[in-house]
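Some notes on the structure that comes next.
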Amino acid sequence: MLGSLDNEVISTPAVPAAAEDDGSITLAGDTGIGTLRNGAVINSQIGDGPHGRATGDGSNDFDYFKITAAAGKTLKLATSTPTGVLDTVIELFAPDGTLLAANDDFSGLDSQITYQVTTAGTFYLAVAAYGGLPGDPFDSASGGGIGDPTPPSEGPYTLTLTSGGVDQDFFAIKLKPGDIIGAYVKGAPTYITVYDTVPREVHGSDQDASFIYPLDSPLPAGGNAVTDYVATKAGWHYIGVKSGAGAYDITVEGYRPVLQGATPVQTLYLDFDGARVNTAVFGGSGNRDLSPFAAFLASWGLTRADEDAVIDAVTAGVTENIKKDLQASGLNSKFKIKIKNSKDDDDPWLGTNVSRVVVGGTIDESGVDTIGIAQSIDPGNFETEETALVLLDVLSAPAGDSSASLNTYLTPASDRIAFVGQALSNVISHEAGHFFGDYHTDNQDALPNLMDAGGTGFATLFGVGPDGIGGTADDADVDFGDSAFIPSEGFIGTEDTLGRIVFGVTS
């Protein structure tokens, strides 16, 4: 698909800077953006106000600028520093002081914010020196002080502001449930996205992350940005591009699930016996021997006599997460998967359509610095024979060692077998979710999801309830479903982590 993005042309006349003190929302200089003009260039300086280092009390100088904009406009706000002395940080605030966006460094500029206006209103842009941010946007004296011997820089800067219409183009594609699409854009745009039938944005991307696909994936890659999606409903879907000006070339490809009509069906094998794993698929050094699950039981206050019960609990949890919940969704009547484990079943690894999760080993044994890792992210499950690791040294570390240790949540009130089974089944399901097609979801939103990233979200992933204790009656059942992509990994929109799996695992 060929086209062109033709953005509104905006002039940027020189506008004088406001007189000091302009260091708060209430004192902001009016740029005239949105009332008198749609663009402006303002030359100003950090350090010349009543709170600067040379001319004031040294608590930190900031400049605030008032902007108004209608819904649908795009604000582009950027600083450059002609002398290179000043390192700016810019922050965009709502009238009530809510921080809407911030930026420190941007390629080719000192700082830049691009903000889509959804509701007409007034906005306030603050320019400050790195290390010298305002503590209160309504108080020009709220800086923390310059500080010695490494004070924040001060000096001149140029601020360019525009508010205009930014072109974005959409193309409609009619899909069937289970259709897997991949797309990339070349030329001017730096952002490509997919909208579903609602329509809602389901995979916006400003990057090519296709290196995470397995070698067997046919999904396309290249260009400025790449996206992919697994359709869960029949109907019109939409490919969109934006962020840029000029000609573009979009390539879109569609596929059906590789397991459609295949036998045997997908098997997920949980290996608790210890294993030799070629860690090169995770960026490791090659074959490594990983110790068995039983070696870690004592660290959770359990014994070898508890091993079978814990494995049963883990297997039941994985079966609920990856089999029963997906069957119950009703999205795909042909969904089929077998869940096997090393306690109850012969080892099927290296068989056709068998992927495995090895549960055991440590960071030192594997040479891979992680808790869990999957061989790929595979939208559509084109590679049906992959490996993931769930290493147990961090998960079994002493209480308080980190939020990733199960012992942090175990007390005398805990049902230890139930909690260890629940937490491990969720971590295993998370890693299997990756090689069945899921990316990370946001661990800071209000929607617990089995694909929530780790970091500060381990308690949520483990299902720890409001009492902060694992293995008690208020523990949560964490499932696959709708959640936002984690912002730090470069994707935007709502990810249906159940829907991305349920059609790739089919027969």
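Reckoned from all heavy atoms, side chains included, excluding hydrogens, waters and symmetry mates. This one's a predicted model, so the numbers in the text were calculated from it and none came from an experiment.
- A donor atom on one side chain and an acceptor atom on the other are not found under 3.5 Å apart for Asp475 and Tyr409.
- Judged by distance alone, the side chain of Thr267 and the main-chain N or O of Val354 form no donor-acceptor pair under 3.5 Å.
- Remark: the backbone N or O of Ala231 is not paired with any side-chain donor or acceptor of Asp179 at under 3.5 angstrom.
- For Tyr238 and Phe171, the distance between ring centers is not under 6.0 angstrom.
- Leu302 and Val420 get closest at one heavy-atom pair: CD1-CG2, 4.3 Å.
- Remark: side-chain polar atoms of Asp474 are paired, donor with acceptor, to backbone N or O of Asp467 under 3.5 angstrom.
- Looking only at side-chain heavy atoms (C-beta outward), Val464 and Thr408 stay at 4.5 Å or farther from each other.
- Annotation for Ser403 and Phe458: closest pair O-CB, 3.3 Å, computed over non-hydrogen atoms.
- The residue from Asp496, Asn449, Thr494, Asp445 that alone fulfils the side chain to side chain donor-acceptor pair (under 3.5 Å) condition with Ser483 is Asp445.
- Proximity of a side-chain donor or acceptor of Asn443 to a complementary backbone N or O of Asp452 within less than 3.5 Å is not detected.
- Taking the six-membered ring where the residue is Trp, Trp300 and Phe296 present tilted rings, their angle falling between 30° and 60°.
- Within the 4.5 Å cutoff, no side-chain heavy atoms of Phe419 are placed close to those of Ser414.
- For the pair Asn407 (side chain) and Ala397 (backbone), a donor-acceptor distance under 3.5 Å is present.
- In this model, no donor atom of one side chain and acceptor atom of the other lie less than 3.5 Å apart for Thr227 and Ser205.
- Classified by interplanar angle (parallel below 30°, tilted 30° to 60°, perpendicular above 60°), the ring pair Phe272/Phe293 is perpendicular.
- Ser376 and Asp378 make their closest contact through OG-CB, 3.6 Å (heavy atoms, listed as atom of the first residue, atom of the second, distance).
- More than 12 heavy-atom neighbours from other residues, nucleotides or ligands sit within 6.0 angstrom of CG on Asn287.
- Residues Asp344 and Lys340 form no side-chain contact, since every pair of their non-hydrogen atoms from C-beta on lies 4.5 Å or further apart.
- Gln207 places no side-chain N or O within donor-acceptor distance of the main-chain N or O of Ala209, the cut-off being under 3.5 Å.
- The number of heavy atoms from other shown groups lying within 6.0 Å of NZ (Lys76) does not exceed 12.
- Ring pair Phe503/Phe335: centre-to-centre distance not below 6.0 Å.
- Side-chain contact between Leu75 and Thr162: absent, with no pair of heavy atoms (C-beta onward) separated by less than 4.5 Å.
- Ring geometry, Phe382 versus Tyr255: the interplanar angle exceeds 60°, so the pair is classed perpendicular (tilted spans 30 to 60°).
- Taking the six-membered ring where the residue is Trp, His203 and Tyr439 present tilted rings, their angle falling between 30° and 60°.
- Within a 6.0 Å radius of NZ in Lys338, other residues, nucleotides and ligands contribute 12 heavy atoms or fewer.
- Checked by atom type and distance alone, the side chain of Ser366 pairs as donor or acceptor with a backbone atom of Thr362 at under 3.5 Å.
- Without hydrogens or angle criteria, Ser425 side chain to Gly421 main chain gives a donor-acceptor distance under 3.5 Å.
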What do the steps show when you test Lys343 against Asp312 for salt bridge (Lys or Arg N to Asp or Glu O under 4.0 Å), and what is the final call?
CA-CA 9 Å; Lys343 178 177 81 72; Asp312 288 345; 3.0 Å; yes

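- No donor-acceptor contact under 3.5 angstrom links the side chains of Asp208 and Asn224, judged on distance only.
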